[in-house]
Amino acid sequence: MGFKIRKLRDVRGMKPGELAKALWVSQGRVDQMELGIDPPNKEMIIRLTDVLEAGDELTELYPLLRNESFKDYARPFLAKQATAKTIREYSPIIPGLLQTKGYATAIMRLGEPDSVSGVEADVERRLERQEVLEGPDAPWLWVTLSQSALDAVIGSKGIMREQLEHLLKMIEKPNIHVQIVPHGAPCIPGSISLLDQRNGERSAYTEGFGTGRFMQDAQDFERHQKIYDQLHAEALGLRQSEEIIREALRKHT
């Protein structure tokens, strides 16, 4: 990304200071982007594209840039998730694609209490990934969610109210479904994601605290599909699940 920015600037005969002025940033910020010290976010890439008349040269790199900031084990999964036709997921917490900014921030701070700036950047990238749920090619998302995710106070009651209100809004979309696994039902200590691509390719991803595993082997996928199916079989129906979410929302009020 930094090399591209520098090359586009050189082609247009602009000095770093001139580009900085056109972007309304300091020259130091331009240096950081060109050297790869602090890559541009989505908004800055849009501004760079306009100023440098870059066409798709910068925007096509952005999905790769976003994944670069995630742990090694998550990168291949995130790349496949962005192009999936169907996403099925079991989770003990609200999954990333359905999280609000407040909830995502609170969750990430639990895992990285000493990295405030790093958490803010990770939250921004997580929210940007949610754009995959919009548009004509949006995937079919089916979430099997532990009821404990609704009852736990993550951050504050205010954050939970906002999160549950957002969840209720999201399940109004025709491509998003959430079913609740009630208290007392069998569960696992982590999440499972099953991805189906438009070309028929299938993959699975599991994640726990500080660890994850991405699998494309057919036997691995089938084994994790059986685990997911057992968890999904314990879930309540869509209407009953919606009422459970509304009941949890009232408890956080």
Side-chain angles (χ1 to χ4, degrees), residues 67 70-78 80-81 84 86-100 102-115 118-119 122-123 125-126 129-130 141-157 159-160 163-164 166-167 170-171 176-196 202-237 240-241 244-245 247-248 251-252:
N67 291 341
F70 291 93
K71 293 179 172 61
D72 290 342
Y73 58 74
R75 291 176 190 167
F77 163 68
L78 294 175
K80 292 294 184 182
Q81 185 191 62
T86 303
I87 303 171
R88 288 171 289 164
E89 184 164 352
Y90 166 81
S91 180
I93 64 171
I94 307 297
L97 288 176
L98 299 176
Q99 290 178 4
T100 61
Y103 186 93
T105 300
I107 282 286
M108 289 187 180
R109 283 180 177 169
L110 285 173
E112 299 183 55
D114 300 323
S115 180
V119 164
D122 286 346
V123 168
R125 283 184 284 271
R126 175 166 294 183
R129 284 185 8 242
Q130 295 175 358
L141 174 64
W142 205 293
V143 175
T144 303
L145 182 65
S146 172
Q147 188 174 356
S148 60
L150 308 178
D151 296 336
V153 178
I154 303 297
S156 69
K157 283 196 169 187
I159 287 174
M160 288 305 301
Q163 175 60 71
L164 296 182
H166 178 67
L167 190 60
M170 294 301 288
I171 62 176
I176 298 176
H177 308 275
V178 174
Q179 289 182 257
I180 304 301
V181 178
H183 295 308
C187 62
I188 58 172
S191 65
I192 294 178
S193 295
L194 302 174
L195 306 178
D196 292 278
R202 303 187 301 175
S203 56
Y205 178 71
T206 60
E207 187 169 87
F209 184 74
T211 184
R213 183 185 175 203
F214 178 68
M215 296 155 281
Q216 293 182 285
D217 180 79
Q219 289 185 335
D220 284 331
F221 179 88
E222 290 170 4
R223 181 164 62 89
H224 285 85
Q225 178 171 287
K226 289 178 181 178
I227 297 172
Y228 173 86
D229 287 345
Q230 292 180 77
L231 295 166
H232 183 252
E234 300 288 342
L236 303 173
Q240 194 173 358
S241 293
I244 293 292
I245 298 172
E247 181 181 338
K251 292 179 180 179
H252 290 295

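Every value quoted in this text rests on a predicted model; they were computed, and no experiment measured them.
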Please report the closest heavy-atom contact between [X] and [Y], naming both atoms and the distance.
X: Pro92; Y: Gly190; result: CD-O, 3.4 Å
X: Arg125; Y: Asp122; result: NH2-OD1, 2.8 Å
X: Ser91; Y: Ile93; result: OG-O, 2.5 Å
X: Gln130; Y: Gly96; result: NE2-O, 2.9 Å
X: Gln163; Y: Leu98; result: NE2-O, 2.9 Å

Is the closest side-chain heavy-atom distance between [X] and [Y] below 4.5 Å?
X: Gln216; Y: Lys80; answer: yes
X: His224; Y: Thr206; answer: yes
X: Ile154; Y: Met160; answer: yes
X: Leu150; Y: Glu247; answer: no
X: Leu194; Y: Glu89; answer: no
X: Glu234; Y: Pro186; answer: yes
X: Arg202; Y: Gln225; answer: yes
X: Ile245; Y: Leu145; answer: no

Donor-acceptor pair, [X] side chain versus [Y] backbone, under 3.5 Å?
X: Gln179; Y: Leu236; result: yes
X: Thr100; Y: Tyr103; result: yes
X: Ser241; Y: Ile180; result: yes
X: Gln147; Y: Ile244; result: no

Could you grab the distance from atom [atom1] of [X] to atom [atom2] of [Y], nearest 0.5 Å is fine?
X: Phe221; Y: Ser203; atom1: CZ; atom2: OG; value: 7.5 Å
X: Arg88; Y: Ser193; atom1: CZ; atom2: OG; value: 10.5 Å
X: Arg126; Y: Leu78; atom1: CZ; atom2: CG; value: 9.0 Å
X: Phe214; Y: Gln81; atom1: CZ; atom2: CD; value: 10.5 Å

With salt bridge (charged side-chain N to carboxylate O under 4.0 Å, His left out) as the test, would you mind laying out the steps for Asp229 and Lys226 before giving the verdict?
-> CA-CA 5 Å; Asp229 287 345; Lys226 289 178 181 178; over 6 Å; no

Take Ile94 and Val143, measure what side chain to side chain contact (heavy atoms under 4.5 Å, CB included) needs, and give me the verdict at the end.
-> CA-CA 9 Å; Ile94 307 297; Val143 175; over 6 Å; no

How about Tyr90 and Ser191: does a side-chain donor come under 3.5 Å of a side-chain acceptor?
->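 No - no donor-acceptor pair under 3.5 Å links their side chains.
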
Is a side-chain donor-acceptor pair under 3.5 Å present for His252 with Asp151?
->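 No, because no side-chain N or O of Asp151 sits under 3.5 Å from a partner of the opposite role on His252.
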
Please state whether the rings of Tyr205 and Phe77 are parallel, tilted or perpendicular, taking 30° and 60° as the class boundaries.
->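 Parallel.
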
Audit row: Met170, Leu141, side chain to side chain contact (heavy atoms under 4.5 Å, CB included) steps and yes/no | CA-CA 11 Å; Met170 294 301 288; Leu141 174 64; over 6 Å; no

